[in-house]
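What you see below is based on every heavy atom in this structure, not just the backbone, and it leaves out hydrogens, waters and symmetry mates.
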Amino acid sequence: MIHRHCSFCDAQESESNPLIAGNGVYICKNCVVSAYKIMFGDEKDLAKESNAELVDAVHQLMTPKELDAFLGEYIIGQERARKLLSVAVYNHYKRIFKMHNITDDDTEIAKSNVLLIGPTGSGKTLMAQTIARVLNVPLAIADATSLTEAGYVGEDVENILTKLIQAADGDVERAQKGIIFLDEVDKVSRMSENRSITRDVSGEGVQQALLKIIEGSSVNIPPKGGRKHPNQEFTAIDTTNILFICGGAFDGLEDLLKRKQGENVLGFGHEKKTKDEKKPTFDMVEPDDLVHYGLIPELVGRLPIIASLDEISEDDMVRILTEPKNSLVKQYKKLFAIDEVELNFEEDSLRAIAQKAIKRKTGARGLRAILEESMIDIMYELPEYSGYEVLITKEVIEDGEKPVYIKKTSKKTA
């Protein structure tokens, strides 16, 4: 009698452990059951594996110093804001992992959302994009200016969550651990501190609608966005573990800070502030100042971390042009290299670009526009200068003169 054996565990065939025959191979009942558990497992095993993955994720999560260093590769300056955002993000995702029974106590850590205050072009949106990239989590960027209170013309506040689900490719579980960057949040401020007798549907109404979403609650949203209507299918999403980063330029807030310092005084017996005294900066902003500006106290309370970004100096502008991984100078050099043209900038030309951006008050966002204006004619003729070096001088930026063309090799012919 021939005794057949399992090709995997070498167990002999028996009544309690029968074999399944294949093309010259055999597998026993025990191995089939083991393989099924390995592939699918039961609910308890899956829960243990899921918890183990979360524990591993805590240890693999980048430290605040590592997050700050990564931000520094793309964002020049803004050291204080980078540090605050790095700590906030680290604590937020550590909090998510802790809530999955890593410790068995009743302590619940509250969510700490972030408010970025700074002039236009100072890097608010770039910070949120960079953080989302390093964490590999879905990011939704929304503009608060298009939002209105439910039932009025404009976008509903809940459409922000629809954008996040779309960024997560429809995976609700992944979206619930994502980041929402709400830009231009200062544009939904109410006109005065006193409550208006008329309905403010695009200002205070939007702030009130944001309260429950930012704090954390279960929200039913239309899967494709748009208005809600009866007999419609909804997708439930829990916002408890979604990190909200709000940003705004808060134009006019400096005037409030000046009045707070007593710079604008009337009457006799008051000392006038001298020009040499330190001007108010966004570093001095406190929650009360935001309430005076027009944000409702409930919303300010849900944004406990306030990170201020400074106006970018000329030296930082030059560094922004050259140092980051995706700097504009590196981008244009690569663009020129496709046509076999070497592009170089003189130091004075970079400073001229920075000075123009500061004069226009557009921040780092305006650097590309200045470069495009100065180099459109050069790029128009670029294919004809294959094998040349193009040197951008100060006169090219300021006076629109032609750059210096240096022939390196014999020009290729078609």
Enquirer: Under 4.0 Å between a side-chain nitrogen and a carboxylate oxygen: does that hold for Lys359 and Glu398?
Expert: no

Enquirer: Roughly how far, to the nearest 0.5 Å, is OG1 of Thr120 from CD of Glu311?
Expert: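 The distance works out to 10.5 Å.
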
Enquirer: Checking Lys111 side chain against Thr239 main chain: does a donor-acceptor pair fall under 3.5 Å?
Expert: yes

Enquirer: Hey, does the side chain of Thr63 reach the backbone of Glu66 with a donor-acceptor pair shorter than 3.5 angstrom?
Expert: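 A pair under 3.5 Å: yes.
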
Enquirer: Is it the case that Asp238 and Ser218 place a side-chain donor and acceptor less than 3.5 Å from each other?
Expert: no

Enquirer: Check whether any side-chain N or O of Thr322 sits under 3.5 Å from a backbone N or O of Val318 as a donor-acceptor pair, and report yes or no.
Expert: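 Side chain of Thr322 to backbone of Val318: a pair is present.
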
Enquirer: Is the shortest heavy-atom distance from the side chain of Tyr93 to the side chain of Val137 under 4.5 Å?
Expert: yes

Enquirer: NZ of Lys65: more than 12 outside heavy atoms within 6.0 angstrom?
Expert: no

Enquirer: Checking Arg80 against Ser308: is there a side-chain donor and acceptor pair closer than 3.5 Å?
Expert: no

Enquirer: Can you see which heavy atom on Ser86 is nearest to which on Pro64, and at what distance?
Expert: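 Answer, listing the atom of Ser86 first, then Pro64: CB-O, 3.5 Å.
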
Enquirer: Between Gln208 and Ile296, does a side chain to side chain contact (heavy atoms under 4.5 Å, CB included) hold up when you go through it step by step?
Expert: CA-CA 8 Å; Gln208 291 170 350; Ile296 60 176; 4.0 Å; yes

Enquirer: Walk me through whether Leu328 and Leu371 qualify under side chain to side chain contact (heavy atoms under 4.5 Å, CB included).
Expert: CA-CA 9 Å; Leu328 283 173; Leu371 275 168; 3.9 Å; yes

Enquirer: Will you find, in the side chains of Glu323 and Tyr74, an N or O donor that is under 3.5 Å from an N or O acceptor?
Expert: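 Glu323 vs Tyr74: no donor-acceptor pair found between side chains.
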
Enquirer: Look at the rings of Tyr405 and Tyr385 and say which category their plane angle falls in: under 30° parallel, 30 to 60° tilted, over 60° perpendicular.
Expert: parallel

Enquirer: Salt-bridge test for Arg351 and Glu314: reply yes if a basic N is under 4.0 Å from a carboxylate O, no otherwise.
Expert: yes

Enquirer: So, Gln331 versus Arg368: side-chain donor-acceptor pair below 3.5 Å or not?
Expert: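 Yes, Arg368 and Gln331 have a side-chain donor paired with an acceptor closer than 3.5 Å.
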
Enquirer: First locate atom NZ of Lys258, then atom CG of Asp255, and finally report the distance between them rounded to the nearest 0.5 Å.
Expert: 5.5 Å

Enquirer: Which pair of heavy atoms, one from Ile320 and one from Ala364, lies closest together, and at what distance?
Expert: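 For Ile320 versus Ala364, the nearest heavy atoms are CD1-CB, 4.1 Å.
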
Enquirer: Please report the interatomic distance CG(Asp348) to CD1(Ile353), rounded to the nearest 0.5 Å.
Expert: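 So the gap between those two atoms works out to 11.0 Å.
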
Enquirer: Any chance you could lay out the side chain to side chain contact (heavy atoms under 4.5 Å, CB included) test for Met127 and Leu309, step after step, and finish with the verdict?
Expert: CA-CA 11 Å; Met127 275 192 180; Leu309 286 80; 4.1 Å; yes

Enquirer: Is Asp289 reaching over with its side chain to a backbone N or O of Glu286, donor-acceptor style, under 3.5 angstrom?
Expert: yes

Enquirer: Measure across Ile76 and Pro324 and return the closest heavy-atom pair with its distance rounded to 0.1 Å.
Expert: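 Result for this residue pair: CG1-CG, 3.9 Å.
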
Enquirer: Checking the side chain of Lys402 only, and the main-chain atoms of Ile378 only, is there a donor and an acceptor separated by less than 3.5 Å?
Expert: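 Answer holds: no.
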
Enquirer: Using only atom types and a distance under 3.5 Å, with no angle test, would you say the side chain of Ser386 pairs donor to acceptor with the backbone of Pro383?
Expert: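 Answer holds: no.
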
Enquirer: Nearest 0.5 Å, please: how far is OG in Ser112 from CG in Leu84?
Expert: 11.5 Å

Enquirer: CD1/Ile27 to OG/Ser7 distance, rounded to the nearest 0.5 angstrom?
Expert: 8.5 Å

Enquirer: Do Asp171 side-chain atoms and Glu173 backbone N/O form a donor-acceptor pair below 3.5 Å?
Expert: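 Pair found, side chain donor or acceptor close to backbone of Glu173.
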
Enquirer: Would you check if the side chain of Tyr380 reaches a backbone N or O of Met375 as a donor-acceptor pair within less than 3.5 Å?
Expert: no

Enquirer: Please confirm whether the backbone N or O of Glu401 pairs with a side-chain atom of Asp399, one donor and one acceptor, at under 3.5 Å?
Expert: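 Looks like no, no N/O pair under 3.5 Å.
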
Enquirer: Taking the side chain as every heavy atom from C-beta outward, state whether Tyr388 and Ile406 have any pair of such atoms under 4.5 Å apart.
Expert: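 In short, these two side chains do not touch, never coming nearer than 4.5 Å.
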
Enquirer: Begin from the C-alpha positions of Asp283 and Asp310 and carry the test side chain to side chain contact (heavy atoms under 4.5 Å, CB included) through to its verdict.
Expert: CA-CA 8 Å; Asp283 289 335; Asp310 303 319; 4.1 Å; yes

Enquirer: When you check the gap from the basic side-chain N to the acidic O, do Asp68 and Lys83 get nearer than 4.0 Å?
Expert: no

Enquirer: Any side-chain donor-acceptor pair under 3.5 Å between Glu389 and Asn344?
Expert: yes

Enquirer: Let me confirm one number: the OG-NZ distance from Ser14 to Lys29, rounded to the nearest 0.5 Å.
Expert: 9.5 Å

Enquirer: Can a cation-pi geometry be assigned to Arg302 and Phe244, taking NZ or CZ under 6.0 Å from the six-membered ring centre and within 45° of the ring axis?
Expert: no

Enquirer: For residues Ser313 and Asp315, is any side-chain donor paired with an opposing acceptor at under 3.5 Å?
Expert: no

